[in-house]
Amino acid sequence: MERTRTRLGAAVFLMLILGHLGNALEVPLDLAQPPTITQQSPKDYIIDPRESIVIHCEAKGKPHPSFSWTRNGTHFDIDQDPKVTMRPRSGTLVVDISGEKAETYEGIYQCTARNKHGAAVSNNIVIRQSRSPLWSKERNEPIRVQEGEALVLHCRPPAGLPPPIIFWMDVNFQRLPQSSRVFQALNGDLYFSNVLKEDSRNDYICYARFPHTQTIQQKQPITLLVLNHGLAEERKPTFLIPSGSSSSKMVLRGQVLELECITEGLPTPEVSWSKLSGEFPDKRTSIVTFQKILRIVNVSDADAGEYRCTAHNRLASVHHTIRVTVKAAPYWLTTPRNLVLAPKEKGQLICRASGTPKPTINWAMNGIPIENSPEDPNRKVEGDTIIFEEVQTGSSAVYQCNASNEYGYLLSNAFVNVLSETPRVLTPANQVYQVIRNNHALLDCSSFGSPIPKITWFKDSQSSTLEGDPYLLHENGTLEIYVAQALNSGKYICVARNTLGIAENHVYLEVKEPTRILKQPKYKVAQRNRNVVFECKVKHDPTLIPIMIWLKDNGELPDDERFLVDSDSLTITDVTENDAGTYTCIMNTTLDHDSASAELTVVEQPDPPTDLELTDMKPRSVQLTWIPGDEHNSPIHKFVIQYTDSLHDHGHWHNLTHVPGSKTTAHLELSPYVHYSFRVLALNAVGLSDPSNPSHMYKTNPAAPDENPSGVKGFGTEHDNLMILWKPMSGLQANGPGLQYKVMWRKKDVDKNWTSVTVANVSKFMVSGTPTFTPYEVKVQAINNNGIGPDPVVVTGHSGEDLPVQAPDNVQVLVLNSTLAEVHWEPVPPKTVRGHLKGYKVYYWRERSLHKHNPHRVEKQLLTFSGNKSHGMLPGLQPYSLYLFNVMVYNGKGEGPASSNLQFETPEGVPGRPSFLRITNSNLNNLTLEWGPPNDLNGHLTGYILKYQQVNNSNELGPMEELALPANKTSITLPNLKYSTRYKFYFNAKTGQGAGPVITEEAVTIMDEVLMYQPSVDEAGGGNTRTQTSPPIAGSPPRHPFHKVHPAAPAFRNVSSSVGENGMLINWEYWGAEKHVYVEYIVKNDNTLGEEEWQKEYVNGSQAYVLKGLKEGLSYRVRMVAKGHDDQAVLHQSEELLVTVPAMPSRQVDIATQGWFIGLMCAIALLILVLLIICFIKRNKGGKYPVKEKEDAHTDPEFQPMKEDDCTFGEYSDTEDHKPLKGSRTPSNGTVHRDSSDDSLVDYGGGDGQFNEDGSFIGQYSGKSSIRETAEGPSPVNTTAMNSFV
């Protein structure tokens, strides 16, 4: 069954609920009913005289009503006027006024719609013609007024209908500028609070626009001449409109209140507003026209009261109070509603209205005052209410209620329809309502019946009626769910019931998930030519079709390929300044929408400043001004001023200063003797602008130097000189031509007079013949052609240094421990240093160990102690050793003489690490450890400490065992160990000072050895294979044999290889804990591959692997590798194994079954037959051929080759064709030998050979097929080896 879908969105809910709950009673048009007016023209109808007059009057009823009109209170016979027609089945009048004056049809019109059940009437429709009269001709004389006086230019437009809109313009149709001084009043006049000289003009023109006819009328231009006869006298404010101190104003409820305060004065008064009896209504109040007009829209009774206008200037303040009263034309409180009553029912019509003054209520029936209508005992009129008791069939009628006062009237029609009717549901069947979760849901059940049916609702198959939370049943039958949830979805049944019958309808409700923007676009700041992405990720109900729309500044996106709209984003490429704005993402569905906005600001470097100008030019300063360029949406932080000196450094720009971005001027301090040009750069957050154009050149005059050279210092390069250095001054610093330097020096605290010399523009001067390392005072002064510089700063320096002449005295040493000693000395006198004291140096060396057998070694070491120190530490000494040392002072020139050599001995220390630890002779339950003594004994060795503990498969450590061993022992055998167990050993030596560092090793005891199959060496193939001399113990599972442990306890052991038909078999044992195990291989002597080019195969969890794809005849280096969890670091690696892949011939096949072989044999047989025939013929010609003799001479069953000299053949018999050719080397037993290099144990099996856990081959030999046995029998092999597979 088809369902009609209705979608309700939150945005239209208010409109729908008003429509659901506020509609008058609707009677189906197939039922008898009185007329109802459905359309009529407005009460005040202003017509355009250029068009036909259309007066609307539409009505419905059953039977369809007829229409009649009254004009000015009397019947209007339209048949008597050919210009007036009435539309078919309508009461609308059309008046053709072509050739007629519209005034003829002005008047008050009223329409009546009538059928047999009653009559409905329209409002009184007042028809008036719109008017736009011409301005009366007038001659405006020029207006002359003294400057400062008040002035009013009157407009006085012609009266029009409706009133015209007034505005002032000049002769060029440009609006005249207005302000708080010059402004237009509500009546259209132009007011001047005071006139100024610039107000003089000859084109003050008032225009009146008549909106109904869209015509504009123009007043003659007014000329204003403002005179100036001296300074105008100031005056306090005065009210022009309204005048006096108080006034009153009446406004109707619902209209617009405009209060006007026009003042004059000098200076121009300022106007403000207040309400004495309350506050302004915020959302309905505005103050316009430069504070002159207070406007309140949609006036209510609360807006009545006193309003104060205050005008003030610096002379005085004046007030005007306006008393506002609010009147009201009638407005509805309760509008009469249609009644449908069954016979004998009762009801009432209520007509309530309010207004100021209170309106009068008058009733009529079918257009006739009710007091003049036929009496009805079942009807009673009580003021604004008509009460009906036990209505009778045939008493249907239309009642009119008129509420009026002096400001207007209201007219409403309401019928009373008496009939009997079973219920009917008017809402379409199976309608589907779709709403968004958490929104209102309104399910219609529009019904009709008489008596009025009672509505009940049911959901799905529930038998209980829907009442109470969350349901609300309205009077008109609509079911409301205030907050719809998903569980409210389903089928709803509406039941309409009265005394005459019952009707029901089914509707459906679908509650959808709301559309929500999960990730909103964010504010973006982008540089020009960059890309910008606005994200807009949305969640919506999957059953609704979403449509995403992007807007820019609430309009469509530009039609530009740079704007790329994706499913959840907007990308703008190559952003320009025009792209700046607000971007809105709107996701629409058929039920709802969600939107989010973000702003894009496009920034770039500022434009360069312009119009550089130099002002206030002085000898040493100048004022620079400029006009900033466009900052491009990023405020300018600062301006950078640069200069170039075309005299000294032409073409190179230097930073001079900078000023904040809010300034456009800079005061520049200048140097003499410079040819300046300036430019300005602007800096914002994006970067620097391009430089401005350079300013005009500004030249400063030369002057004496303002400064002296910097970096002055004095020092000696030899023991008898003094070098004076300084940093040369630039041309900018010279302040003028002819730059020279005056160099001055003297001995400090000795000479009073300065020795000086003037040098050219250089940077140093050498003074010779100075005493060694003597303090000097030096200074350098700048000089140019315009004078000398300021007094220079005095700097102290020294003449050249020489080597120290004295060694330190009273040198002593204090041994603190076996590795640290402290040296003391007495500093040398300062005079003997003959230079800057840098510090002291201690040279020391180990002469020998205190063990007599230790070799003599001299390795000098140096420690430097800066400054005037008198002691120092010697760290890192070797224990139990003899050391020598000396001390010397040094300066900037070098080292002085050394002190005498002194010696000291270091005491014993702990020994070093033992030189080695090896584990040998590993057996079932014991191990032998061997070691060497430490290389560094550091004293008398007193013994060794051995500790060991078990390590299980999960690398957990067992209890620690400890043994003390004598110093003269170098090995030990540990008995009673646990077989097949890993042990970790810790070993160190000790002296009287304690134990030294530990050396560690790990080893594993072996388990019972069982000889398992191992491949033996095949001499022909070069592979490694072993034959088992005896079978394994019956019933015992194969186990990995343990081998003797090496000292380093390697993780990979017993790595071996063998050659098979499928590839190279690699076997190994692995004892490590890591899980990432690989077999790696590389061609031997392949220098083209680096270490990282080894080929690797992942073999985790196995102990054997077949390498396939190796090239025949090549040798390979093979190794096993275990790596850590990161698969990078190599933790264990086996020794390399060299394997050779033999050059294997191709496998023999049974050629007897090959087609080419059969063809070849046939060709040979035919050739032999031809040769025999030829020989037979030749023999017959030359003598008898002794066949029998040949047969007796050749008893070899193998075919003999043909003799080339006489064309004879060996013995031939056609009964032995099955014998192979001699070249096939078929043995007497009928088998074919394979080349020994092709031997492989796998080849001899029946295809199901397998490998043991340790990689050895086991398999059951089975014979070949009968075909293969005749052509390729098994090679003779060692029967013992073959039996081992059985």
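Worth knowing before you read on, the calculation uses all heavy atoms, side chains too, and leaves out hydrogens, waters and symmetry mates. It should be emphasised that the depicted structure is a prediction, and the values quoted were computed from it without experimental measurement.
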- Message: Is it the case that the side chain of Thr285 and the backbone of Ile296 share a donor-acceptor pair, with hydrogens and angles ignored and the cut-off at 3.5 Å?
- Response: no
- Considering all heavy atoms of both residues, which atom of Pro546 and which atom of His540 are nearest to each other, and what is their separation? CG-NE2, 3.3 Å
- Message: Would you say that Ile361 contacts Cys401 through its side chain, given a criterion of any heavy-atom pair below 4.5 Å between the two side chains?
- Response: yes
- Should the heavy atoms of other residues, nucleotides or ligands under 6.0 Å from CD of Glu279 be counted, would the total exceed 12? no
- Message: Between the side chains of Arg424 and Asp30, is the shortest nitrogen-to-carboxylate-oxygen separation below 4.0 Å, so that they form an ion pair?
- Response: yes
- Query: When you look at CD of Gln462, are more than 12 heavy atoms from neighbouring residues, nucleotides or ligands closer to it than 6.0 Å?
  - Reply: yes
- Message: Taking the side chain as everything from C-beta on, heavy atoms only, tell me whether Tyr523 gets closer than 4.5 Å to Phe534.
- Response: no
- To the nearest 0.5 Å, what is the distance between CD1 (Ile455) and SG (Cys445)? 4.0 Å
- Message: Any side-chain to backbone donor/acceptor pair from His212 onto Ile46? Under 3.5 Å, distance only.
- Response: yes
- Please state whether the rings of His440 and Tyr482 are parallel, tilted or perpendicular, taking 30° and 60° as the class boundaries. perpendicular
- Side-chain donor or acceptor of Arg562 paired with backbone N/O of Asp574 under 3.5 Å: yes
- Task: Give a yes or no on whether a salt bridge exists between Asp303 and Arg253, defined as a side-chain N under 4.0 angstrom from a carboxylate O.
- Result: no
- Message: When you measure from the side chain of Tyr433 to the backbone of Val511, do you find a donor-acceptor pair of N or O atoms at a distance under 3.5 Å?
- Response: no
- Taking the six-membered ring for Trp, are Tyr407 and Tyr331 ring centroids under 6.0 Å apart? no
- Message: Tell me whether Asn505 contacts the main-chain N or O of Pro428 through its side chain, where contact means a donor paired with an acceptor under 3.5 Å.
- Response: yes
- Message: Tell me if a side-chain donor or acceptor on Thr589 pairs with a main-chain N or O of Leu591 at a distance below 3.5 Å.
- Response: yes
- Under 3.5 Å: donor-acceptor pair, side chain of His64, backbone of Arg89: yes
- Got a second to check how far Tyr583's OH is from Asn554's CG, nearest 0.5 Å? 12.5 Å
- To the nearest 0.5 Å, atom SG of Cys536 lies from atom CE of Met587 at 6.5 Å
- Report yes if the side chains of Glu513 and Pro542 come closer than 4.5 Å at any heavy-atom pair, otherwise no. no
- Give a yes or no answer on whether the side chain of Ser90 reaches the backbone of Thr92 with a donor-acceptor pair at less than 3.5 Å. yes
- Item | Test item: Asn633 side-chain N/O and Val602 main-chain N/O as donor-acceptor pair under 3.5 Å | yes
- Does Asp579 reach the side chain of Leu600, with side-chain heavy atoms less than 4.5 Å apart? yes
- Is the cationic atom of Lys43 (NZ for Lys, CZ for Arg) positioned less than 6.0 Å from the six-membered ring centroid of Tyr409 and within 45 degrees of its normal? yes
- Message: Taking Thr582's backbone N and O only, do any of them form a donor-acceptor pair with Asp553's side chain (distance below 3.5 Å, no angle check)?
- Response: yes
- Message: For Lys275, is the NZ atom crowded, meaning more than 12 foreign heavy atoms sit under 6.0 Å from it?
- Response: yes
- Do Asn498 and Lys454 touch side chain to side chain, with heavy atoms closer than 4.5 Å? no
- Query: Could you state the interatomic distance from CD1 (Ile586) to OG1 (Thr515), rounded to the nearest 0.5 Å?
  - Reply: 12.5 Å
- Quick one: do Asn338 and Val27 satisfy side chain to side chain contact (heavy atoms under 4.5 Å, CB included)? Show the steps, please. CA-CA 9 Å; Asn338 295 335; Val27 180; over 6 Å; no
- Message: Can you tell me how far apart CG (Leu509) and CG (Leu479) are? Round to the nearest 0.5 Å.
- Response: 9.0 Å
- So, do Leu557 and Val565 sit near enough that their side-chain heavy atoms are less than 4.5 Å apart? yes
- Neighbour count above 12 (heavy atom, 6.0 Å) for Leu487 CG: yes
- Message: Before you tell me yes or no, could you show the steps for Phe67 and Cys111 under side chain to side chain contact (heavy atoms under 4.5 Å, CB included), namely the whole-Å CA-CA distance, both residues' side-chain angles and the distance that decides it to 0.1 Å?
- Response: CA-CA 7 Å; Phe67 297 89; Cys111 170; 3.9 Å; yes
- Rounded to the nearest 0.5 Å, how far apart are OH of Tyr492 and CG of Asp460? 7.5 Å
- Query: Quick one: does His56's side chain get under 4.5 Å of Arg87's, heavy atoms only?
  - Reply: yes
- Can you find a pair of side-chain heavy atoms, one from Thr385 and one from Cys351, that are under 4.5 Å apart? no
- Smallest separation among heavy atoms of Ala526 and Val532, with atom names: CB-CG2, 3.2 Å
